[in-house]
Each structure stands twice: as structure tokens, then as C-alpha cells.
Asker: 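Below is a structure I'd like to ask you about.
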Amino acid sequence: MVRVEFLGPIGKEAMEVEAKDLRELAQILKADEQLRGWLKECAVAVNDRLVDDLDTKLHDGDRVVLLPPVCGG
Amino acid sequence: MVRVEFLGPIGKEAMEVEAKDLRELAQILKADEQLRGWLKECAVAVNDRLVDDLDTKLHDGDRVVLLPPVCGG
Amino acid sequence: MLEIYPGELEVEAIFSRWYAWGAKRNFGAWVTFVGTVRAEGGIEALSFDIYEPLLRSWFDGWQQRAQEVGAVVRMAHSRGNVPVHTSSYMAAVFSPRRRVALELLEAFVEDFKANAPIWKYDVRNGERIYAKDRSQPLAGSGLLDL
Amino acid sequence: MLEIYPGELEVEAIFSRWYAWGAKRNFGAWVTFVGTVRAEGGIEALSFDIYEPLLRSWFDGWQQRAQEVGAVVRMAHSRGNVPVHTSSYMAAVFSPRRRVALELLEAFVEDFKANAPIWKYDVRNGERIYAKDRSQPLAGSGLLDL
């Protein structure tokens, strides 16, 4: 199982899913009405490292976070 | 009479001289052993404005200051 | 070197601590940036969420970059609500040399705006409204948008 | 907006006053530079002479330039002796916008170094030695060298 967290304004509870890579995870998240609008705007971190490859493998216990547009300061 | 002041490290008392312009003043100051080394390094202000023209006229009561190289901060 | 506080920053206390820290260590130049919540658009406060693990690794990268030029960066940021006319963000660079300090602070603050995982909300009538129009997508955004 | 003090600056007190001043006036961005006397070359202090009339007119020129972009500059400088690990110079820019503040502070501090009519001395064994090697001639220097 992989834990997925939704940061900042997304306002959705974390979920546990089965997915072998980010591509598979994307398919799962796409099915969620509430998330669809956010996917195109979010960056993704796996175990607290930003990633840019859909083929990134996921392993049991991995933590994926979705990061919407930021504005600090 | 024109008052001439020597700022910062020059360490010379102010003096009163008769000079109709900066060129004439330069001739007078050149004669002073203690000043000769400073003249090539000093900027000049007349009545608290920096000047860059030797033909700048001087009038009774004017105040000329010699400013050696600076280092604030 | 990275401090996160609930609510507005106690700017003077933080400044005093940083000053004492830097003076003792023989840094000749110290620059600080302080961001204060402006009264505009009828807001009563700004509010912030922070994702701390990523903020810390982003900050550590900058600390390394600073170290290479003999400098140190420090930063403080608020979490939660920060009323107008109080401050949410402080950044500082300590350096033996002034030019390094000024240039590094400028680069740090710019990069902070683009890459720090922090989310901002306007607070109006007690309600938090995501400041979407002022927010920037992080590098790599849209990866999961098949 | 230009403050001159005998001896070292009371950095924290000045900072607090400036902060209170700026926060009330709805400036969103505030940057400060603090210059501290480093222990080096065996000095016990630095010492400064200031020619105030020219410093004020130089500073007023900068205030005008700041005003054109909605900003305000402030500065404090010591006169006389300033012991190592204490501060002789503070400069600040208040602005509605961060980029203006950072760029203006950088330009201000550089120009200060080149053009402020201030003379620096090392103090060793109570003796004041002109820091000639670190000093820069003002524009137009050498005019009287016929």
C-alpha cells in the first residue's frame, strides 16, 4: 500500500492505495471528481523528494504527496 | 576671504585665504608641504557642493572643503 | 537555522537573537528581509500552511550553497493566521563580505517565492480563501495529469 | 531618516524603532543591512569621521530616488570609535514590493561605499590609523593637483 497526501488547499483526507508506479496512481486519482482539477496544477513528491517521471516506481510504505501552487512569505 | 577646511585624516587646521577662483586656491595650497601629497587624492566641495571645474569662482565668505578618499560602513 | 512559528513572528526577539548569534561569529555583513502583511483587499489576516519536510530539504540546499561562499542563511516563517501589519516571514544572510550577503539574500528570497512548499490564504470574516491568483506551480507540476 | 550616533549603534533599539515605523505605514517588504566591525588585523575598534552636510545632501538624493518607486530609505552611522563585534552602519529600505526593496538596498549600499563622505580609521593601542588602502577617492578627486 502507498499513502497519498493532499497538501495545502486541496482539502482532502489522505488515502491508502495499491499502485506499482506513478502512472498507475495517476489513473486512480483521475477517477476522483474532487481531484481532477488539481492534477494539472500539482507537483508530486515521493518520500519527500520532488519527482518528474511518471515511471517512478512505488513500493509498499511509500508516501506520495501532491503539492498545489505555492505562495510563501 | 575664503575659508578652507581639511577633512578626515588630513589633520590640518582650517585656514582663511584670498583667492578669486579654485585655480588660484590650488596655487596657494600647493605651496604647503603638508598638503602637497593630499591634493591629487582630494575631491573639493564649495559651500557643500562637490565641484569639478578649476574655474569655479570663489566669493567672500565661501567655504571650501577638501575631501580625501572615503570609506564608510 | 529554519524556524517555524504558530501565528505572527516576534520580529524584534528573532532579530535580537540572530544579531547576537552573528556578531559573536565575526560576520561583518548581515542583511535581513522582513515580510509584513499589508492591509489590502479588506483582509484581516493572511494564513499559511507549510509542508515542513520539503521546506527543510529546500532550505538545507540553500545552506550548503551559502556555506560555499562563507555565508549562513537563516529564516523564520509563520504557520496559521498572521494579522495585518504583523510579519509572517524573515530571511537573513550573514557573511564576511557585504556583496555576497546582498546578492545571496536576493537570490534566496526569489527562490523562496518560487519553490518553498507554503500555501497562502486570505482571511476575510474568519474564512480562509486560497490565494490562488498569487500562487505559482512548483517545477514538474501536472505530472499526474494524464 | 539619517541618524548619526557617537560610538557603536544600538542595533536592536534602532531596528525596533524602524520596524514599528514601517509596519504602521503598511510597507510589505523591509530589508536591512547591518555592518559589524570584524576582529581582524589586531584592531580593537574602527573609528569614523563624518562630514555631515554633504552626507545629508547625498542621503536626500537617495530619499528622492526611493520616493519615485514608493519606497523609503533609512540609515544610521557611527561617529568616533566602534569596538570589534559591534556595529557602525545600518541601512534599510521599506517598500510595498519586495523586489524594489532588495534592489534599492543593494544600489544604496554600493553607492554609500563609493560616495558617502566618511573616513575610516583602524584603532590599535588606542591610536587611530587612517584606513587608506580601503578608501576610495570621491568623484572629481585631484582637481586641485595642478
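Below, each value reflects all heavy atoms present in this structure, side chains not excepted, and no hydrogens, waters or symmetry copies. By convention in this document, chain letters (A, B, ...) are assigned in the order of the sequence lines, proteins followed by strands, and residues within each chain are numbered from 1. Because the structure is a prediction, the values reported are computed rather than measured.
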Asker: CZ of Arg25(C) to CZ of Arg38(D): how many Å apart, nearest 0.5 Å?
Answerer: 14.0 Å
Asker: Taking side chain as everything from C-beta outward and backbone as N, CA, C, O, which of these in Lys24(D) sits under 4.5 Å from a heavy atom of chain C? Side chain, backbone, both or neither.
Answerer: backbone
Asker: If you count heavy atoms of other groups shown closer than 6.0 angstrom to CZ of Arg99(D), is the number above 12?
Answerer: no
Asker: Answer yes or no: does atom CZ of Arg97(C) have more than 12 heavy-atom neighbours from other residues, nucleotides or ligands under 6.0 Å?
Answerer: no
Asker: Between Trp30(C), Tyr89(C), Phe27(C), which shows the greatest number of heavy-atom pairs under 4.5 Å with chain D?
Answerer: Trp30(C)
Asker: What's the separation between atom CG in Leu105(D) and atom CD in Glu106(C), rounded to the nearest 0.5 Å?
Answerer: 9.5 Å
Asker: Any chance CD of Gln136(C) has more than 12 other-residue heavy atoms, nucleotides or ligands included, within less than 6.0 Å?
Answerer: yes
Asker: Tell me whether the count of non-hydrogen atoms from other residues, nucleotides or ligands lying under 6.0 Å of CD in Glu10(D) goes above 12.
Answerer: no
Asker: Under the criterion ring-ring contact (aromatic ring centres under 6.0 Å, His included), which of Tyr19(D), Phe15(D), Trp18(D) is the partner of Phe15(C)?
Answerer: Phe15(D)
Asker: Measuring from atom NZ of Lys113(D) to atom CZ of Arg98(C), what distance do you get when rounded to the nearest 0.5 angstrom?
Answerer: 5.0 Å
Asker: Does some side-chain heavy atom of Thr32(D) sit less than 4.5 Å from a side-chain heavy atom of Val31(C)?
Answerer: no
Asker: Picking from Val34(D), Leu102(D), Asn26(D), which has the most non-hydrogen pairs under 4.5 angstrom with chain C?
Answerer: Asn26(D)
Asker: Between Phe33(D) and chain C, which part of the residue has a heavy atom less than 4.5 Å away: side chain, backbone, both or neither?
Answerer: both
Asker: Looking only at non-hydrogen atoms, find the nearest pair between Glu12(C) and Ser16(D) and report the distance.
Answerer: OE1-OG, 2.9 Å
Asker: Heavy-atom pairs under 4.5 Å with chain D - which of Ala92(C), Gly22(C), Ala20(C), Pro96(C) has more of them than the others?
Answerer: Pro96(C)
